[in-house]
Amino acid sequence: MSSSFGSIFKISTWGESHGAGVGVVVDGCPAGVHLTREMIQAELDRRRPGQSDLTTPRKEADTVEILSGVQDATTLGTPIGLLVRNQDQRPSAYKEMETAYRPSHADFCYDAKYGLRAKSGGGRASARETIGRVAAGTVAKAVVQAICPELEILAWVESVHGISCAVQPHLVTRAAVESNPVRTADAAAAEQMAELIRRVRAQGDSVGGTIACTIRRCPAGLGDPVFDKLEATLAHAMMSLPACKGFELGSGFSAPSMLGSQHNDPYYMEGDRVRTRTNNSGGVQGGISNGEDINMRLAFKPTATIMLDQETVTSDHQPTQLRGKGRHDPCVLPRAVPIVEAMAYLVVCDHLLRQRCCRI
């Protein structure tokens, strides 16, 4: 099973949803980077369950422990081990799912691949695995800020089931995003989104939507030609997230309806800096960053676990009905925002370190 990501800055996550704990090993972090437990905890607090009535009520403090690689708030250049212990495991809630495959979950596919699976909470397929990504993303962010202090990565909920945020990407602020439990940048839309999520939850159903993410003041030159293009590794990172079903960079799927004369981004000089007057390329051309904002959109499906009867089959291929149990998010988007940012920081950090190796 592949649980590692990255080339020079590499992470390996581990642990199951209802096991003793989850965590990550970060390898390739340079020595001398300022890093504290509080920095990591702050990001995990944005991801943890039970933040509001829009998320799962599972009660987890998600308290991180630094096991190695850091001394006196400074990275040592050796592997960094990070652990979060599970505290509110309820495997009994999944008793019925030991034999019945949950619709749109990974149960059947894991059985098909391995011949067995962790039957409580989805095991490695659970979104609880993303704790390791967020923790590692904080380490990556510390490295990025040491190399490019002006660089900023910001994600927000752009839409929930057709209700959209009307703010332009370059105007979105972190304060606006964190001012509401949905984590969108439009106060009016936030109220409508929250009401929709509550209504759908009361019906036992779930909703999906889109998350937008921008990488601001990224230096030109990041990304490797051909297979490791910057947008390719960003797509790899984002499409590896639970519930993510689509990735778009720049003009994305609107590009086919445009003419070349409309889509091309004309260059001009701003002092000694090469700029583009438009940004249909989304900040990446030829797989390499051009210095403009890198703008992405991600599509997330509705949460697979719903509290309604659904048709399914058992592991011995018998038809049955199954209703969701346990504690689940009616919409994954609010808690996915810090996860998206973490994955973006992991990609940027890895490419920054690659770039330092490719020229003198």
message: side chain to side chain contact (heavy atoms under 4.5 Å, CB included) for Cys148 and Leu352? Distances and angles first, verdict last.
response: CA-CA 9 Å; Cys148 292; Leu352 277 170; 3.9 Å; yes
field: side chain to side chain contact (heavy atoms under 4.5 Å, CB included) assessment of Tyr101 paired with Val313
entry: CA-CA 6 Å; Tyr101 294 133; Val313 298; 4.0 Å; yes
- request: Take Thr74 and His34 through the side-chain hydrogen bond (donor to acceptor under 3.5 Å, both in side chains) test and state the conclusion after the steps.
  value: CA-CA 5 Å; Thr74 305; His34 177 68; 5.4 Å; no
task: Under the side-chain hydrogen bond (donor to acceptor under 3.5 Å, both in side chains) rule, what do Thr13 and Arg124 come out as? Steps first, then yes or no, please.
output: CA-CA 9 Å; Thr13 68; Arg124 292 291 290 161; 2.8 Å; yes
His328 and Ile306: CA distance, side-chain angles, deciding distance, side chain to side chain contact (heavy atoms under 4.5 Å, CB included) verdict: CA-CA 8 Å; His328 303 279; Ile306 57 176; over 6 Å; no
Lys10 and Asp27: CA distance, side-chain angles, deciding distance, salt bridge (Lys or Arg N to Asp or Glu O under 4.0 Å) verdict: CA-CA 5 Å; Lys10 188 171 184 176; Asp27 202 6; over 6 Å; no
- request: Give the intermediate values and the outcome of side chain to side chain contact (heavy atoms under 4.5 Å, CB included) for residues Val24 and Ser12.
  value: CA-CA 5 Å; Val24 64; Ser12 297; 5.8 Å; no
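Scanning all heavy atoms of the two residues, the minimum distance from Phe9 to Cys349 falls at CD1-SG, 3.5 Å. Across all their heavy atoms, Leu333 and Ser159 have their closest contact at CD1-O, 3.5 Å. The two residues Gly204 and Leu308 make their nearest non-hydrogen contact at O-CG, 3.7 Å. The two residues Ala125 and Tyr110 come nearest to each other via the heavy atoms N-OH, 3.7 Å. Minimum heavy-atom separation, Val64 to Gln41: N-OE1, 2.9 Å. Across all their heavy atoms, Ser179 and Ala176 have their closest contact at OG-O, 2.6 Å.
Between the side chain of Thr314 and the main chain of Gln318, a donor-acceptor pair closer than 3.5 Å is present. Side chain of Glu248 to main chain of Leu298: no donor-acceptor pair is present (N/O by atom type, distance under 3.5 Å, no hydrogens or angles). Looking at Glu292, its side chain never comes within 3.5 Å of a backbone N or O of Ala220 through a donor-acceptor pair. With hydrogens and angles disregarded, no donor-acceptor distance shorter than 3.5 Å links the side chain of Thr320 to the backbone of Thr312. Counting only distance, with no hydrogens or angles, the side chain of Gln262 and the backbone of Leu259 share a donor-acceptor pair below 3.5 Å. A side-chain donor-acceptor contact under 3.5 Å links Asn280 to the backbone of His263. In terms of modelled atom types and a separation under 3.5 Å, the side chain of Thr75 and the main chain of Pro30 share a donor-acceptor contact. Using modelled atom types, one side-chain atom of Asn86 and one backbone atom of Gly19 make a donor-acceptor pair closer than 3.5 Å. A donor-acceptor pair is defined here as one N or O able to donate and one able to accept, closer than 3.5 Å; no such pair exists between the side chain of Asp293 and the backbone of His170.
Taken from CG in Leu154 to OG1 in Thr173, the straight-line distance is 7.5 Å, to the nearest 0.5 Å. Annotation: the span from Ile66 atom CD1 to Gln71 atom CD amounts to 12.0 Å, rounded to 0.5 Å. The CD1 atom of Ile211 sits 4.5 Å away from the CZ atom of Phe300 when rounded to the nearest 0.5 Å. In this structure, OG1 on Thr233 lies 11.0 Å from CG on Leu346, to the nearest 0.5 angstrom.
Ile40 places none of its side-chain heavy atoms less than 4.5 Å from the side chain of Glu43. Using a 4.5 Å heavy-atom cutoff, the side chains of Ser52 and Thr55 are in contact. No side-chain heavy atom of Leu196 sits under 4.5 Å from any side-chain heavy atom of Cys331. With contacts defined as side-chain heavy-atom distances shorter than 4.5 Å, the pair Met238/Leu241 qualifies. At a threshold of 4.5 Å between non-hydrogen side-chain atoms, the residues Val25 and Ile80 do not count as touching. The closest side-chain heavy-atom distance from Pro330 to Val200 is not below 4.5 Å. Within the 4.5 Å cutoff, no side-chain heavy atoms of Gln145 are placed close to those of Leu151. Residues Asp186 and Trp156 fail the side-chain proximity criterion, which asks for heavy atoms closer than 4.5 Å.
Salt bridge present: Glu270 and Arg275 bring a charged side-chain N and a carboxylate O closer than 4.0 Å. Ion pairing between a basic and an acidic side chain is recognised when a charged N comes within 4.0 Å of a carboxylate O; Asp228 and Arg354 show such pairing. A salt bridge is defined here as a Lys NZ or Arg NE, NH1 or NH2 lying under 4.0 Å from an Asp or Glu carboxylate O, and Glu152 with Arg216 meets this definition. A salt bridge links Asp107 to Arg102: one of the charged nitrogens lies within less than 4.0 Å of a carboxylate oxygen. For the pair Glu158 and Arg297, the salt-bridge criterion is met [side-chain N within less than 4.0 Å of a carboxylate O]. Using a cut-off of 4.0 Å between Lys/Arg side-chain N and Asp/Glu carboxylate O, Glu129 and Arg133 are scored as salt-bridged. Checked for salt-bridge contact, Asp265 and Arg277 miss the test: no charged N lies under 4.0 Å from a carboxylate O.
Residues Ser281 and Gln285 bring a donor and an acceptor atom of their side chains to less than 3.5 Å of each other. Side chain to side chain, Thr214 and Asn295 meet the donor-acceptor criterion of an N or O pair below 3.5 Å.
Both Val337 and Leu44 belong to a single network of hydrophobic side chains, linked directly or stepwise wherever heavy atoms of I, L, V, M, F, W or Y lie under 4.5 Å apart. Hydrophobic clustering (ILVMFWY, side-chain heavy atoms < 4.5 Å, transitive): Tyr345 and Leu35 are in one cluster. Phe247 and Val157 fall within a single hydrophobic cluster, where Ile, Leu, Val, Met, Phe, Trp and Tyr side chains are chained together by heavy-atom contacts under 4.5 Å.
Checking Arg335, Arg128, Arg48, Arg201 one by one against Asp329, the salt bridge (Lys or Arg N to Asp or Glu O under 4.0 Å) holds for a single residue, Arg335. Between Glu341 and the choices Lys141, Arg46, Arg47, the side-chain hydrogen bond (donor to acceptor under 3.5 Å, both in side chains) rule is met once, by Arg46.
More than 12 heavy-atom neighbours from other residues, nucleotides or ligands sit within 6.0 angstrom of CZ on Arg174. For OH of Tyr268, the number of neighbouring non-hydrogen atoms (other residues, nucleotides, ligands) closer than 6.0 Å is greater than 12.
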